[in-house]
Trainee: 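Take a look at this one; I'll ask things after.
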Amino acid sequence: MFKARASETTFQHFLRLSAHATAVVCLAVTLLFLFGTDFQFQSLSVREWIGLGFFPVGVVIGLVLAWREELLGGVIILASIAGFYLVYGWLLSSDLRQGWVLLPFLVPAILFLIHGSLQPHGREAAAS
């Protein structure tokens, strides 16, 4: 994980390491949120379960998947955060302003998306 890949520039290597490091921090914060507090799953309403579907479930799936598939994982993270703000915030609570607390989770998503878009894919990768 810490070694540069054969077709990777120094910038791409730094970008990949940064994406992985921020993903670890985000996963740790999410796990602390879930298991480090007295969180009562049985007392959640349907609205809260919808919110949990996007965050943390969707974000964690995206963070874990992004370790192998950067583009797909990054898209899942972005879609989960957007879904939380739009569906849970706007449609269910009639208020799009749900705070800034999930915005730091965009950092690994953006880093994974940039790194994934710089990697050769498909026929170009097979030819090189």
Side-chain angles (χ1 to χ4, degrees):
M1 180 183 114
F2 296 113
K3 293 177 123 180
R5 295 176 182 161
S7 63
E8 197 172 53
T9 65
T10 303
F11 173 73
Q12 291 170 329
H13 178 67
F14 177 74
L15 194 62
R16 181 170 53 92
L17 289 179
S18 299
H20 286 241
T22 57
V24 168
V25 170
C26 288
L27 282 170
V29 168
T30 304
L31 292 175
L32 283 173
F33 165 72
L34 285 176
F35 301 112
T37 62
D38 189 23
F39 197 74
Q40 302 294 328
F41 285 103
Q42 63 272 18
S43 64
L44 294 176
S45 68
V46 173
R47 286 181 163 185
E48 292 165 331
W49 277 108
I50 292 171
L52 281 175
F54 292 110
F55 180 83
V57 175
V59 172
V60 168
I61 290 171
L63 286 169
V64 170
L65 187 60
W67 281 73
R68 291 284 181 191
E69 298 289 331
E70 289 98 352
L71 289 174
L72 181 60
V75 167
I76 290 173
I77 298 166
L78 286 176
S80 296
I81 292 173
F84 180 84
Y85 279 110
L86 292 174
V87 174
Y88 182 71
W90 184 43
L91 295 177
L92 295 178
S93 301
S94 300
D95 187 14
L96 193 56
R97 296 173 290 144
Q98 295 294 315
W100 59 269
V101 72
L102 295 184
L103 296 182
F105 287 86
L106 292 175
V107 173
I110 292 168
L111 292 174
F112 279 123
L113 287 173
I114 293 170
H115 183 266
S117 65
L118 294 175
Q119 296 300 312
H121 294 286
R123 293 184 183 149
E124 299 91 23
S128 56

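Positions are given from 1 along the sequence.
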Trainee: Hey, could you give me the CG/CZ distance between L86 and F54, rounded to the nearest 0.5 Å?
Mentor: 8.5 Å
Trainee: Report whether V57 and V29 are members of the same hydrophobic cluster (ILVMFWY, side-chain heavy atoms less than 4.5 Å apart, transitive linking).
Mentor: no
Trainee: From L71 CG over to I76 CD1, what is the distance, rounded to the nearest 0.5 angstrom?
Mentor: 11.0 Å
Trainee: Going hydrophobic residue to hydrophobic residue with side-chain gaps under 4.5 angstrom, can you get from F55 over to V46?
Mentor: yes
Trainee: Check the hydrophobic clustering (I, L, V, M, F, W, Y; side-chain heavy atoms under 4.5 Å; chains of links allowed) and say if I81 and V64 are grouped together.
Mentor: yes
Trainee: If you compare all heavy atoms of W67 against all heavy atoms of A23, which two are closest, and at what distance to 0.1 Å?
Mentor: NE1-CB, 4.1 Å
Trainee: Measuring from L15:CG to T10:OG1, what's the distance to the nearest 0.5 Å?
Mentor: 12.0 Å
Trainee: For a quick test of reading the model, state the closest non-hydrogen atom pair linking F84 to L102 and the distance between them.
Mentor: CD2-CD1, 3.2 Å
Trainee: Which atom names give the shortest non-hydrogen contact between S7 and Q119, and what distance separates them?
Mentor: OG-OE1, 4.4 Å
Trainee: Could you list the donor-acceptor pairs under 3.5 angstrom formed between side-chain atoms of residues 104-113 and any protein atom two or more places apart in sequence or on another chain?
Mentor:
none

Trainee: Taking all heavy atoms of Q12 and all of H115, pick out the closest pair and write down the distance.
Mentor: O-CD2, 3.1 Å
Trainee: Hey, any chance L118 and V75 share a hydrophobic cluster, counting ILVMFWY side chains that come within less than 4.5 Å of each other, even indirectly?
Mentor: yes
Trainee: For L44, enumerate each residue passing the side chain to side chain contact (heavy atoms under 4.5 Å, CB included) test, keeping only those at least two apart in sequence or located in another chain.
Mentor: F39, F41, E48, W49, L52
Trainee: Atom CG in L63, atom NE2 in H20: separation rounded to 0.5 Å?
Mentor: 11.0 Å
Trainee: When hydrophobic residues are tied together by side-chain contacts of less than 4.5 Å, even through go-betweens, does V87 share a cluster with V59?
Mentor: yes
